[in-house]
Amino acid sequence: MRTYRGRWLFLIVLLAGVLAFTGVWYFASANKEEGGPDAGGFYVEGMAGAPSRVNPLFAADNAVDQSLVSLVFAGLTRLDDKGIAFPDLAETWTLSQDGTVYTFRLRPNLFWHDGKPLTADDVVFTYDLARSAGLTARVEVARVLEGATITKLDALTVSIALPRAYAPLPAYLTLGILPVHLLGGISVAQLMDSPFNQHPV
């Protein structure tokens with residue numbers, strides 16, 4: 001008799017627990033708001049170290065800078081988890097039949113957080129800086145763009161003509177674009193110690 005009572009008591013308690021869990025889960029999911037994430041807010045990330053130069057051209061030397069640059073700046077492209085390039089600041093790109101000329105079209109209505117528009121001038125400026133002989137830090141895209149002709153076709157279009165076909169080029173264009181309206185008057189030698197590196201836009 002005790003055995004049957006014990007089993008029934010166990011089953012009743014188990015059933016009550018399952019029903020209670022199901023009820024809590026149902027009401028929690030029913031009250032959850034539909035839609036995407038809220039706009040604005042704060043992002044907090046703990047890291048060992050301190051920022052030095054929050055600038056895509058110098059970030060490789062400091063893990064904290066790398067993390068901040070990836071949050072603050074965007075390139076023409078980004079890489080997915082398989083290392084395949086997809087559009088970021090660029091809306092689309094095309095490739096010439098001989099595989100040497102890439103034409104990138106920027107997304108419309110891109111703005112720096114100071115309100116100035118982000119244009120093809122910023123893209124050309126950034127890649128010219130990256131390839132500059134006076135730049136002490138070397139970024140990988142500089143090697144890939146060696147000998148390339150980078151041209152602004154209009155406010156939102158940039159052409160990159162390579163000396164020879166290079167299919168993986170879009171995967172190298174993740175380098176964050178810099179604002180020419182703030183850095184255009186600074187020499188390459190002054191760029192490393194520019195106040196912009198501590199207060200990026």
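Since this is a predicted model, take the numbers as computed values, not measurements. The first residue in the sequence is number 1, and the count goes up from there.
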A.B. asks: Once rounded to the nearest 0.5 Å, what's the spacing between atom CH2 of Trp93 and atom OG1 of Thr77?
C.D. replies: 6.0 Å

A.B. asks: In this structure, which one of Thr157, Leu173, Thr92, Val123 forms a side chain to side chain contact (heavy atoms under 4.5 Å, CB included) with Phe104?
C.D. replies: Leu173

A.B. asks: What is the minimum heavy-atom distance between Glu146 and Pro163, and which atoms define it?
C.D. replies: O-CG, 3.8 Å

A.B. asks: Stepwise, does the salt bridge (Lys or Arg N to Asp or Glu O under 4.0 Å) test hold for Arg105 with Asp154?
C.D. replies: CA-CA 9 Å; Arg105 180 77 179 167; Asp154 62 41; 3.1 Å; yes

A.B. asks: Would a hydrophobic clustering, with Ile, Leu, Val, Met, Phe, Trp and Tyr connected at side-chain separations under 4.5 Å, put Val144 with Leu79?
C.D. replies: no

A.B. asks: Just do the side-chain contact (heavy atoms from CB on, under 4.5 Å) check on Leu76 and Leu106 with the steps written out, would you?
C.D. replies: CA-CA 8 Å; Leu76 288 182; Leu106 295 175; 3.5 Å; yes

A.B. asks: Between Val188 and Phe196, is there shared hydrophobic-cluster membership here, with clusters defined by ILVMFWY side-chain heavy atoms closer than 4.5 Å?
C.D. replies: yes

A.B. asks: Rounded to the nearest 0.5 Å, what's the gap from CG on Leu183 to OG on Ser194? Could you check?
C.D. replies: 5.5 Å

A.B. asks: Would Asp61 and Arg53 count as a salt bridge (Lys or Arg N to Asp or Glu O under 4.0 Å) here? Give the steps.
C.D. replies: CA-CA 9 Å; Asp61 297 334; Arg53 293 180 178 89; over 6 Å; no

A.B. asks: Rounded to the nearest 0.5 Å, how far apart are OH of Tyr127 and CG of Asp122?
C.D. replies: 11.5 Å

A.B. asks: Ignoring hydrogens and angles, tell me if any N or O in the side chain of Tyr102 forms a donor-acceptor pair with the backbone of Ser96 under 3.5 Å.
C.D. replies: no

A.B. asks: Please determine whether a side-chain nitrogen of the Lys or Arg among Glu140 and Arg143 lies less than 4.0 Å from a carboxylate oxygen of the Asp or Glu.
C.D. replies: yes

A.B. asks: Could you state the interatomic distance from OG1 (Thr100) to CG (Leu95), rounded to the nearest 0.5 Å?
C.D. replies: 7.5 Å

A.B. asks: Using 30° and 60° as the class boundaries, would you call the ring planes of His181 and Trp112 parallel, tilted or perpendicular?
C.D. replies: tilted

A.B. asks: Hydrophobic cluster membership, with links at side-chain heavy-atom distances under 4.5 Å among I/L/V/M/F/W/Y: are Leu169 and Ile84 in one?
C.D. replies: no

A.B. asks: Please name the pair of heavy atoms, one in Ala142 and one in Ala130, separated by the smallest distance, quoted to 0.1 Å.
C.D. replies: CB-O, 3.2 Å

A.B. asks: What I'd like to find out is whether the side chain of Val158 reaches to under 4.5 Å of the side chain of Thr151, using heavy atoms alone.
C.D. replies: no

A.B. asks: Do Leu145 and Leu153 share a hydrophobic cluster (ILVMFWY, side-chain heavy atoms under 4.5 Å, transitive)?
C.D. replies: no

A.B. asks: Before you tell me yes or no, could you show the steps for Arg78 and Phe86 under side-chain contact (heavy atoms from CB on, under 4.5 Å), namely the whole-Å CA-CA distance, both residues' side-chain angles and the distance that decides it to 0.1 Å?
C.D. replies: CA-CA 6 Å; Arg78 281 191 290 168; Phe86 65 98; 3.7 Å; yes

A.B. asks: For residues Leu162 and Ala148, report the shortest heavy-atom separation together with the two atoms involved.
C.D. replies: CD2-CB, 3.9 Å

A.B. asks: CG of Asn55 to CG of Asp65: how many Å apart, nearest 0.5 Å?
C.D. replies: 9.0 Å

A.B. asks: Is there a side-chain contact (heavy atoms from CB on, under 4.5 Å) between Phe73 and Leu178? Walk through the geometry before answering.
C.D. replies: CA-CA 8 Å; Phe73 295 94; Leu178 292 166; 3.8 Å; yes

A.B. asks: If two hydrophobic side chains count as joined below 4.5 Å and joins carry through other members, does Val72 share a cluster with Leu57?
C.D. replies: yes

A.B. asks: Should Val141 and Leu175 be marked as a side-chain contact (heavy atoms from CB on, under 4.5 Å) after you check the CA-CA gap, both sets of side-chain angles, and the distance that decides it?
C.D. replies: CA-CA 7 Å; Val141 73; Leu175 179 73; 3.8 Å; yes

A.B. asks: Please name the residue in the list Val101, Ile150, Thr94, Thr149 that meets the side chain to side chain contact (heavy atoms under 4.5 Å, CB included) test with Ser159.
C.D. replies: Val101

A.B. asks: State, to 0.1 Å, how close Ala165 and Asp98 come at their nearest heavy-atom pair, and which atoms those are.
C.D. replies: CB-O, 3.7 Å

A.B. asks: Quick one: CD1 on Ile177 to CG on Asp121, what's the gap to the nearest 0.5 Å?
C.D. replies: 12.0 Å

